[in-house]
Amino acid sequence: TGSSFGDLVAGLAREFGLTHTSLDPAARPGWVGYASGGVQSSVGDLARWGAALFTPGRVLAADQLSLL
């Protein structure tokens, strides 16, 4: 994409109204939280992301969702 991981996370957070989602810049492999890629989020934001992710056309096209 030509963008950093942090910029991609920030862009998705803005686009989908995830106001309590951020990237922990201190996250490193082997540290607690790194399994999530260093992304920290609230339960509400996770619910919003899940709803967007599984609504055809919002994040993924319908044919891509059918592969899940």
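Keep in mind the model is a prediction, meaning the values are calculated, not measured.
- Every pair passing side chain to side chain donor-acceptor pair (under 3.5 Å) that includes a residue from residues 4-13 is listed here, sequence neighbours excluded: S4-D7.
- Atoms CG and CG, from L60 and L68 in turn, are 6.5 Å apart once rounded to the nearest 0.5 Å.
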Enumerate, atom names and distances included, each donor-acceptor pair closer than 3.5 Å involving a side-chain atom of residues 12-23, sequence neighbours excluded.
from	atom 1	to	atom 2	distance (Å)
T21	OG1	S41	OG	2.6
T21	OG1	D45	OD2	2.8

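- Counting only residues at least two apart or in different chains, salt bridge (charged side-chain N to carboxylate O under 4.0 Å, His left out) contacts with residues 54-67 are absent.
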